[in-house]
Structure formats: C-alpha cells, structure tokens
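Throughout, protein chains are lettered first and strands after them, A, B, ... in sequence-line order, and every chain is numbered starting at 1.
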Number of protein chains: 2
Amino acid sequence: MATGRTHRPATRSRGIPEATVARLPLYLRALTALSERSVPTVSSEELAAAAGVNSAKLRKDFSYLGSYGTRGVGYDVEYLVYQISRELGLTQDWPVVIVGIGNLGAALANYGGFASRGFRVAALIDADPAMAGKPVAGIPVQHTDDLEKIIKDNGVSIGVIATPAGAAQQVCERLVAAGVTSILNFAPTVLSVPDGVDVRKVDLSIELQILAFHEQRKAGEEALALAEAEAVVEVSEESGKGPDGDVPAVMPA
Amino acid sequence: MATGRTHRPATRSRGIPEATVARLPLYLRALTALSERSVPTVSSEELAAAAGVNSAKLRKDFSYLGSYGTRGVGYDVEYLVYQISRELGLTQDWPVVIVGIGNLGAALANYGGFASRGFRVAALIDADPAMAGKPVAGIPVQHTDDLEKIIKDNGVSIGVIATPAGAAQQVCERLVAAGVTSILNFAPTVLSVPDGVDVRKVDLSIELQILAFHEQRKAGEEALALAEAEAVVEVSEESGKGPDGDVPAVMPA
DNA sequence: CCATCTTTGTGCACGCGTTCACAAAGACAT
DNA sequence: ATGTCTTTGTGAACGCGTGCACAAAGATGG
Ligand SMILES: NC(=O)c1ccc[n+]([C@@H]2O[C@H](COP(=O)([O-])OP(=O)(O)OC[C@H]3O[C@@H](n4cnc5c(N)ncnc54)[C@H](O)[C@@H]3O)[C@@H](O)[C@H]2O)c1
Ligand SMILES: NC(=O)c1ccc[n+]([C@@H]2O[C@H](COP(=O)([O-])OP(=O)(O)OC[C@H]3O[C@@H](n4cnc5c(N)ncnc54)[C@H](O)[C@@H]3O)[C@@H](O)[C@H]2O)c1
C-alpha cells in the first residue's frame, strides 16, 4: 500500500515479511481481548480463530519473532502481548498530527482507539483561520502556518492527512520537509514522497468499488446459472460476438 | 482483506486477479482526472505514473480486460473509463446503508465521494432512539428496528458498519440475514460471515501500527549505523545474548 | 522414568503477483 | 508502398506468501 516505493528494498534487519507485519496488529487485538479476560495461555488454533486467520500462518508469523510458545500448551498471553507490542514499536509513545479537521479529521480526532495503542494526538492542524483556536475533541485546532514548528516541537514522525485531495500533496511535502517520515493518507490521491518515507492510504471509495466488482460478479453468475437452467436445450445462435457484451444486460432490480 | 474467507475459490468467470481488481479504481481515478482535462489518449507509462504503479503491471492489468490500447499511441481515455467502470460494475447504481451514525458514520454520510461513483446513500441507521428522525447530511436517521425493512425496500446489497466494535457482529448478522452480501467494516473486529458474503475492513489502528513498525525500524537502523560508525575497532565482547535485546534501548527522543 | 498426548515450529510444494524484456502491431512520414 | 519509430501485449523467470503435513518438544499421568 505504500505509494512512494512499491518496490521494497527488503526488511533487512531481521526480515519480518511485510504480510506478517500487517497481521501482527490483528493478533495483538485478539490477545489484548484475552488478556482482559485473564486468559493465561492460548493455542495457535484458538488465537487464529479469534484473529480470523489460518493457524499454520499464525505459527509461521510468530516463528519470525522467535520461539515464544510451549509445545503441548500454547502461548503465554501476557508475554506474547509484550513481544508483539515491542516488535511493533508500541512500547513507546508516538505523537501524531492530524491535518485537515473537517468531517473526517474531526471524527479521527474524537476516535478513542488512538490513545489505546500508544498513539497520542499531539496536534490538530487546519488551513481555515476560522477554526484556529477552536477545540475539537478537547484539543485546540492550530493553523497551518505553524505546521513546521508544531512538528518539530513535538518530535512528530507520523502524520495523518485528512484534507481535500487537492491539498494533500502540498501538505505531504510540508510534513516531510518538517521531519515526518510516516504518513497515513485519507485523501483520494497518489502521494509522491522521497525514499525513506512510508505512505499508507485509506480509501473508502476504492473499497466500495472492489465490493461492487464482486457484487456484480455474484449477480452475473446467478443470472448465468438461471439462464443455463432455462436454456438447457437452447442452442447458441448468435455467438462469436466479440469480447464485448459477455455479461448480458441483466441488471438486478 | 476479505475476512470471511481468506481462501478464494478463484474468480472463475473471466479470472481477473484480485490484485488487479484492487488497482482498477486507482486507474479509474487517474483516468477520470485526465478525462476532465480533456486529454484524449494516454500511454501506459504516463498513466502508470499518475496511478503510482509500474507500467508493465498496468499493461498486464489491462490485458485481463481485453486489448483496449493502440500500439504506438496508447489508450483512449474515454473508452478506458467506460470499460473499467463497466468491469467494476459502476455503470449501475449501488444503494448503500450506513449503520452506526456516530462520529465516523456522520463523516461518511457527509462524504461527497460516495455519489460520484455510482454509490448512493440509501439510508442511515442507528440504535439510538434519540437520533431517529434527525437529519444527517440531509438524510433522516432511521432506527435499527427497521433495518430489515429498509434493506429490502431499497434493494440494498452493500452495507457499511460504523458501530462500536461490540455491536458489529450482531449488526453484520442482521444485515446479511436481510440480504446484504457485501460489507465494509470500520469497527475493529473480525466479522464472521457465511460463504458468498464479502467483507472488507478499514482499520485506522492497524494502519498506524504498521507505520509505527517501520518507523521504529528506521530509527533502529539509524542508531545501528551510528553505533557502527563509532565502534569500528571495537570488538564484540558480549554477544550470544539470545534472541532478546537485539535492538538496543536507543529510543528516538 | 517411561508412555502418551497435545501443540509447536518448520521443510516443502504450490500458486499468485510482479517485473523484465522483446516481438508484434500499428501510426506516421516520406 | 516502405521504413522508422513508438508503444502495446505477453511469455517467461523469479520471489513472496500460503497452507499442508509432520517431526520434535514438552507437558502430563501413571
Ligand atoms: N468524510 C469521509 O468519510 C471521507 C471518507 C473517505 C475519504 N475522505 C477524504 O478525506 C478528506 C477529508 O474529507 P472531509 O469530509 O473531512 O472534508 P472536509 O471538507 O469536511 O474537510 C477538509 C478540511 O481540510 C481543511 N483544509 C483544506 N486545505 C487544507 C490545507 N492545505 N491544509 C490544512 N487543512 C486544509 C479544510 O479547512 C477542512 O476543514 C477528503 O480528501 C476526502 O476525500 C473523506
Ligand atoms: N472515529 C473514527 O475516526 C474511527 C476510526 C477508526 C475506527 N473507528 C471505529 O468506528 C466505529 C464508530 O466510531 P465512532 O467514533 O463513530 O463511534 P461513536 O460512538 O461516535 O458512534 C457509534 C454509533 O453507533 C451507534 N450504535 C451503537 N450500537 C448500535 C447498533 N447495535 N446498531 C446501530 N447503531 C449502533 C451509536 O448509537 C452511535 O451513534 C467504532 O467501532 C470505532 O472503533 C472509528
């Protein structure tokens, strides 16, 4: 998802696969829930079910972190929570700025899930002078003019962009110039960033379009199945019509 | 990202790879921008740059849809917009319901990017009786009691869940029972759904944790590089310390 | 101390996705 | 018509991610 460099120079350090990294938060969430219920140990099978993944995959994922399980018993919940947290860098505090405090930015600022994992909203930034000083989620909004100073004063390395698409690239450049090296982008634009900066994007519209594709496919197959059931004896009379019009104009009401 | 079934029984119809489907919206967005600037044709190289992908990948992606390019020239923008829209199922209207009209749900309801791509917010649903009837983004919020009726009356097949995590699974089950077959989940939970239902999730917390991992890795490598530069002659005196403590306690200020 | 039973950790095979590299296709000029 | 030049479409190689299946590890009970 990193837009800047799709080509990754391989996680050299201890080489945890990117796919594994993306699942660690999932495991952590499931483990935290178990921890809150004071469950002492958990098997790969149980934890995998809770996280919605294959148990072999989970075990392989954990094997990249080291041998933290006990054969015949399972994994110690508390210990694993600690190890994964440490691996993800959640044992330290990450100050985050949100730029663009509109509908979405305000919702993000109000989101409780931030603080629960070591992420702290250090500042809210918006270009609208009318918003400056107004508190959102208890934090006063600051003006874009002070962006660089805010970043540096707070030692921020993670920025969230929730501005309109047109402003995103420019905001991104200012963030990066000020020292931000990780960006979470909600604006529907491709951000170009220098090497060494990670970008991840969240795009509602893309997710919906992917769902629509599968939805259409389901409807198409259904219609096809119906057509087949009806025209069992019917012979193809007008085939070879080209690559177009393969899906008949059967729209689900 | 589909949580229900990670294992996909292969897109049988004409077999467009899942990875390609996920990129089509990206191409479509770039093409739409070109179309608005009245650019008639575009080469794979240019379009790939605009979409932030490799040009060979883009050409291969398009090859799954058919041969829509002209060698020596490139692709006809308008034609390609139409073909991709058709492939994604965006030539028809998709009524969508949003369940859970809190901070996030309200932001989603206010989002303009919905309508622009054939998605129409058919209804807003919340469990809070105090919200019933109140308009959000011009649409009156309806109570959860009527969920099934709303789904059926509007022929909704795509649902968005923006409730607290605790309510998500239950809401999901009601949606599915009422006929919804595609779900976009914003709640931080694993949803279990029957076969034939697609689930995609958007999880802010997970994205941030992935960024934190890389951020930590960057800081670690930097510290390592510094340490190496300092201790060029220094011999390892206390190695073989086990799999722990590999990253020294050097935290970025 | 030994047998049994559970569960981890991983070698291996397979399939998907990515990228390179190039032949073929066609536009365009002469 | 012929040649040149651009750009597509794709065969092939490679690498990553996934999941099976099982041996090794260790707990537990007698
Ligand atoms: N609302 C959603 O649910 C949603 C969903 C997906 C994506 N998005 C995207 O997120 C972004 C924000 O959406 P929104 O609905 O909150 O829009 P919005 O118009 O409500 O808010 C945008 C905010 O950004 C501020 N802004 C504009 N230019 C800026 C700049 N240069 N620097 C700092 N701040 C600036 C504006 O003052 C405004 O407060 C958009 O790109 C949108 O496409 C929104
Ligand atoms: N706000 C964010 O930026 C953000 C970001 C990421 C994830 N999330 C997740 O999205 C979800 C919503 O977040 P939020 O900040 O809007 O929370 P919120 O508390 O503001 O809103 C939740 C809404 O859901 C409604 N609700 C509760 N139970 C319901 C039910 N059974 N049926 C229908 N509606 C019900 C509540 O009445 C409330 O209006 C949460 O799961 C949260 O973790 C939010």
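- For the pair B:Ser157 and B:Val180, the minimum side-chain heavy-atom distance is 4.5 Å or more.
- Contact annotation: A:Asn54 side-chain N/O to D:dG17 OP1/OP2 distance is not under 4.0 Å.
- Shown here for A:Glu207 and B:Leu184, the closest heavy-atom pair between the two residues is CB-CD1, 3.8 Å.
- B:Leu80 has its side chain within reach of B:Phe62: a pair of non-hydrogen atoms, C-beta onward, lies under 4.5 Å apart.
- Contact of the A:Phe213 side chain with the B:Leu90 side chain is not registered, since no non-hydrogen atoms from C-beta on lie closer than 4.5 Å.
- Aromatic pair A:Tyr68/A:Tyr75: ring centres not closer than 6.0 Å.
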Fill in the blank from the handout: Protein-proximity profile, nucleotides 4-12 of chain C, B/S/- by nucleotide at the 4.0 Å heavy-atom cutoff, equals --BBBBBBB
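- By the 4.5 Å heavy-atom criterion applied to side chains, A:Phe119 and B:Gln209 are counted as neighbours.
- For the pair B:Leu65 CG and D:dT10 P, the interatomic distance rounds to 12 Å; values are reported in whole Å.
- What separates CD of B:Glu18 from P of D:dT18 is a distance of 14 Å, to the nearest Å.
- Rounding to whole angstrom units, CG of residue B:Leu58 and P of D:dT10 are separated by 14 Å.
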